[in-house]
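What follows is one structure encoded as structure tokens, with my remarks underneath.
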Amino acid sequence: MTGYPENSIEACEKTLSLLPSFFEIDPRLTKDGVMVLMHDADIKRTTNGSGLVSDYTYEELQRFNLKDRKGNITPYKIPTIREVLEWGKNKTRITEHIHGITI
């Protein structure tokens with residue numbers, strides 16, 4: 001969806017406003033051990049930054065903005081897994097995808 005970046009709470013919320021859904025999420029660990037929602041190990045494709053998630057602290061990652069699927073920079077930030085799970089509580093089902101294994 002234009003304006004809604006993948007792996008963001010905002011995209012999940014928009015999707016739920018259109019149809020009942022469940023979400024597969026991709027957790028990554030930051031340098032300081034915070035689990036965030038990010039499909040790729042490198043943030044270049046999905047943010048206006050570059051480098052590995054694991055090379056940044058969570059606070060450092062917050063200076064970047066997420067891109068939508070057309071490459072447009074949005075005002076949205078990389079969420080933590082905790083934020084996503086809290087958002088989804090009693091709204092939807094969420095599964096985790098870790099290293100090719102869906103849990």
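Looking at every heavy atom in both residues, Val36 comes nearest to Ile78 through CB-CG2, 3.8 Å. Shown here for Asp68 and Gly3, the closest heavy-atom pair between the two residues is OD2-N, 2.8 Å. Residues Leu16 and Ser21 come closest through the heavy atom pair CD2-N, 3.6 Å. What you find for Leu37 and Ser8 is that their closest heavy atoms are CD2-N, 4.0 Å. The two residues Glu60 and Tyr56 come nearest to each other via the heavy atoms OE1-CA, 3.3 Å.
Between atom NZ of residue Lys44 and atom CG of residue Leu52 there is a gap of 12.5 Å, rounded to the nearest 0.5 Å. Considering CZ of Arg28 and CD1 of Ile43, their distance stands at 12.5 Å, rounded to 0.5 Å. For the atom pair CG of Asn48 and CG of Asn72, the computed distance is 12.0 Å after rounding to the nearest 0.5 Å. The distance from atom CG of Leu61 to atom OG1 of Thr80, rounded to the nearest 0.5 Å, is 11.5 Å. Distance check: Ser54 OG to Asp32 CG gives 11.5 Å after rounding to the nearest 0.5 Å.
With a 4.5 Å cut-off on side-chain heavy atoms, Trp87 and Thr92 count as touching. Residues Thr57 and Thr30 fail the side-chain proximity criterion, which asks for heavy atoms closer than 4.5 Å. Residues Lys67 and Pro5 fail the side-chain proximity criterion, which asks for heavy atoms closer than 4.5 Å. When side chains are defined from C-beta on, Thr47 does not count as touching Asn65, because their heavy atoms never get closer than 4.5 Å. The closest side-chain heavy-atom distance from Asn7 to Asp26 is below 4.5 Å. When side chains are defined from C-beta on, Met38 counts as touching Val53, because their heavy atoms get closer than 4.5 Å.
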For Leu29 and Val34, run side-chain contact (heavy atoms from CB on, under 4.5 Å): C-alpha distance rounded to whole Å, both residues' side-chain angles, the deciding distance at 0.1 Å, then the answer.
CA-CA 6 Å; Leu29 278 177; Val34 176; over 6 Å; no

Could you go through the side-chain contact (heavy atoms from CB on, under 4.5 Å) check for His39 and Glu6 one step at a time?
CA-CA 8 Å; His39 182 269; Glu6 68 178 79; 3.5 Å; yes

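In this structure, Tyr4 and Tyr76 have parallel ring planes: the angle between them is below the 30° cut-off, well short of the 60° mark.
Between Glu86 and the options Arg82, Glu83, Lys89, a side chain to side chain contact (heavy atoms under 4.5 Å, CB included) holds for only Arg82.
The environment of CZ in Arg69 is sparse: at most 12 heavy-atom neighbours from other residues, nucleotides or ligands sit within 6.0 Å. Under a cut-off of 6.0 angstrom, the local environment of CZ in Arg45 is crowded, with over 12 non-hydrogen atoms contributed by other residues, nucleotides or ligands.
Panel note: side chain Thr46, backbone Leu66; no donor-acceptor pair is recorded below 3.5 Å.
The existence of a salt bridge linking Lys77 and Glu10 is excluded, since no basic side-chain nitrogen approaches an acidic carboxylate oxygen closer than 4.0 Å.
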